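Because the structure is predicted, anything quoted here is derived from the model rather than measured. Lettering of chains follows the sequences in order, A, B, ..., and the numbering in each one begins at 1.
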There are 2 protein chains.
Amino acid sequence: MLTNARLVYQPHDQVRILNAAISRAHDICEAANVRLTPTREAILKLLWQGHQPMGAYQLQQQLAKVSEKPIAPPTIYRAIEFLIDLGLVHRIHSLNAYIGCPFPSSEHSNIFMICEKCNTVAEVSDKRVNNLLEAITDKVGFKLHSQTIELFGLCPNCEPGDSDE
Amino acid sequence: MLTNARLVYQPHDQVRILNAAISRAHDICEAANVRLTPTREAILKLLWQGHQPMGAYQLQQQLAKVSEKPIAPPTIYRAIEFLIDLGLVHRIHSLNAYIGCPFPSSEHSNIFMICEKCNTVAEVSDKRVNNLLEAITDKVGFKLHSQTIELFGLCPNCEPGDSDE
DNA sequence: ATATATATGTAATATTATAACATCACTTAC
DNA sequence: GTAAGTGATGTTATAATATTACATATATAT
């Protein structure tokens, strides 16, 4: 089971982690022979910060604060598509929003845990889920290609009961 | 494991099934003390026919063919919301579309199998998936409330290999 | 230095969804 | 049977999300 739950739910050195992630993103792009341009990198950073999903127009607003020139929707959407194709970003369909992938380059199918209170999104990948879904779809003759699993609930920090872990 | 896969993937008496379903919908509404108005019923029928998800504006177009007066988006969306609240209809987030629920009134969390070729959507409910997701989320301290599972692939009729079952 | 491919700019518009307020239609109580 | 109250729909406008088409700019390789 692969997850970024600790990272999301516990305090950590944001800057160091982010820099490491960006550095890895550059490596991935280099390996794929594609360019991580300033706009793309800026968007990726935003989608990695705070572990909160952001919509395209929200990204646009944030970018406006940094960049001198306003960036139009097509550029945003193109950058998002680029990052998704590389596995650096995921789309959260139920929110029409996007979030940075904590473990890019690793082949995995994701389960997103979306906190209904603080909006953080943590990701977990578990082979057992895939195996089970394979078994279920096999049984009815459905050939599984890809999947979207989005879970709603309360993260440890927002769950009133106990805040252990 | 509860599924409508056979119903979706194999030929069947559309009219009879649909009438039975509508009849059950009326019962459900009566039990809940709410009204299944003509517009709501028309939309429900459309979302049960063909086992294909339809968008709100697609529904609007289809309704225009039947009804004399055109029905505006708010009415469509209100009817959809009504039907979803009753469990008669589900939203497919990844398609921004809606589909009739084959087993309303039964408490279940759904897995949707979306055919990438013919667009049919079959539904399956399996307790093992829920149990597994509960276990996984428990482990990281996430309190699971609800879920969205959307699978993409090829239905038995579109899968080139074998068309058994 | 030029040709090519890649990325972004720009304007317009498509698609999906909702807000605000008016009207209509059913239900219930008197 | 009518008025009051609730629930449903009509109407207009608009918000929010996403894409198309075409022009321009920037980087890369020859």
Side-chain angles (χ1 to χ4, degrees), chain A residues 25-26 28-44 46-47 52-64 66-86 88-99 119 148 150, chain B residues 25-26 28-44 46-47 52-64 66-86 88-99 119 148 150:
Chain A
H26 274 285
I28 289 170
C29 287
E30 195 155 348
N33 204 31
V34 293
R35 282 183 291 162
L36 190 60
T37 62
T39 302
R40 289 167 175 173
E41 184 177 327
I43 288 175
L44 182 56
L46 286 170
L47 292 178
Q52 303 230 349
M54 298 180 75
Y57 285 79
Q58 219 177 331
L59 284 167
Q60 188 187 30
Q61 287 181 339
Q62 293 302 314
L63 287 172
V66 186
S67 158
E68 58 280 6
K69 285 191 181 176
I71 295 175
T75 301
I76 309 275
Y77 281 102
R78 285 187 286 227
I80 290 170
E81 189 187 11
F82 170 89
L83 295 168
I84 288 176
D85 287 348
L86 275 173
L88 293 167
V89 159
H90 293 297
R91 174 168 189 180
I92 310 287
H93 283 104
S94 54
L95 302 177
N96 288 331
Y98 309 88
I99 191 150
N119 291 318
T148 286
E150 296 171 7
Chain B
H26 274 286
I28 288 170
C29 287
E30 195 155 350
N33 203 32
V34 294
R35 281 183 292 163
L36 191 59
T37 62
T39 302
R40 289 169 174 173
E41 184 176 329
I43 288 174
L44 183 55
L46 287 170
L47 292 178
Q52 302 229 350
M54 297 180 75
Y57 286 81
Q58 219 176 330
L59 284 167
Q60 187 186 30
Q61 287 181 339
Q62 293 302 314
L63 287 172
V66 184
S67 158
E68 57 281 6
K69 286 191 179 176
I71 294 175
T75 300
I76 309 276
Y77 280 102
R78 285 187 286 227
I80 290 170
E81 189 187 11
F82 170 89
L83 296 167
I84 288 175
D85 286 348
L86 275 173
L88 293 166
V89 158
H90 292 296
R91 173 165 189 182
I92 310 286
H93 282 104
S94 54
L95 301 178
N96 288 330
Y98 309 88
I99 191 149
N119 291 319
T148 286
E150 297 171 7

**Request:** Round to the nearest Å and state the distance from Asn33(B) atom CG to dT27(C) atom P.
**Result:** 10 Å
**Message:** Run Val34(B) and Ile28(B) through side-chain contact (heavy atoms from CB on, under 4.5 Å) and show every step you take.
**Reply:** CA-CA 9 Å; Val34(B) 294; Ile28(B) 288 170; over 6 Å; no
**Request:** Give a yes/no on whether any side-chain N or O of Thr75(A) is located under 4.0 angstrom from OP1 or OP2 of dT8(C).
**Result:** no
**Request:** Find out whether Gln60(A) and Pro73(A) are in side-chain contact, i.e. whether some heavy atom of one side chain is under 4.5 Å from a heavy atom of the other.
**Result:** yes
**Prompt:** Is there side-chain contact between Leu44(A) and Glu41(A), with heavy atoms separated by less than 4.5 Å?
**Reply:** no
**Short side-chain N/O contact from Thr37(A) to OP1 or OP2 of dT6(C), under 4.0 Å** = no
**Prompt:** dA16(D) P sits how many Å from Met54(A) CE, rounded?
**Reply:** 15 Å
**Asked** Does OP1 or OP2 of dA18(D) have a side-chain N or O of Asn96(A) closer than 4.0 Å?
**Response** yes
**Asked** Is Arg40(A) near enough to dA7(C) that one of its side-chain N or O atoms lies under 4.0 angstrom from OP1 or OP2?
**Response** yes
**Item:** Distance in angstrom units between Leu63(B) CG and dG10(D) C1', rounded
**Value:** 15 Å
**Arg78(B) vs dA17(C): side-chain N/O to OP1/OP2 distance below 4.0 Å** = no
**Asked** Under the side-chain contact (heavy atoms from CB on, under 4.5 Å) criterion, do Ile71(A) and Leu59(A) qualify, and how do the steps go?
**Response** CA-CA 10 Å; Ile71(A) 295 175; Leu59(A) 284 167; over 6 Å; no
**Request:** State which of dT8(C), dA19(C), dA17(C) makes the closest approach to the side chain of Tyr77(B).
**Result:** dA17(C)
**Message:** I need the CD-C1' distance between Gln60(B) and dT9(D), as an integer number of Å.
**Reply:** 14 Å
**Fill in**
Whichever of Ala72(A) and Arg35(A) has the more 5' nearest nucleotide on DNA chain C, that residue is Arg35(A)
**Asked** Leu95(B) CG to dA18(D) P: how many Å, rounded?
**Response** 14 Å
**Complete:** Picking from dT12(D), dG9(C), dA7(C), the nucleotide nearest the side-chain atoms of Ile71(A) would be dG9(C)
**Asked** Do the non-hydrogen side-chain atoms of Arg91(A) and Ile99(A) ever get within less than 4.5 Å of each other?
**Response** no
**Item:** Donor/acceptor link under 3.5 angstrom from Tyr57(B) side chain onto base of dA14(C)
**Value:** no
**Message:** How many whole angstroms separate atom CD of Gln58(B) from atom C1' of dT16(C)?
**Reply:** 12 Å
**Protein-nucleotide distance (Ile80(B), atom CD1; dT9(D), atom C1'), rounded to Å** = 15 Å
**Prompt:** Looking only at side-chain N and O atoms, does Tyr98(A) come under 4.0 Å of OP1 or OP2 in dT17(D)?
**Reply:** no
**Request:** Round to the nearest Å and state the distance from Ile43(A) atom CD1 to dA7(C) atom P.
**Result:** 13 Å
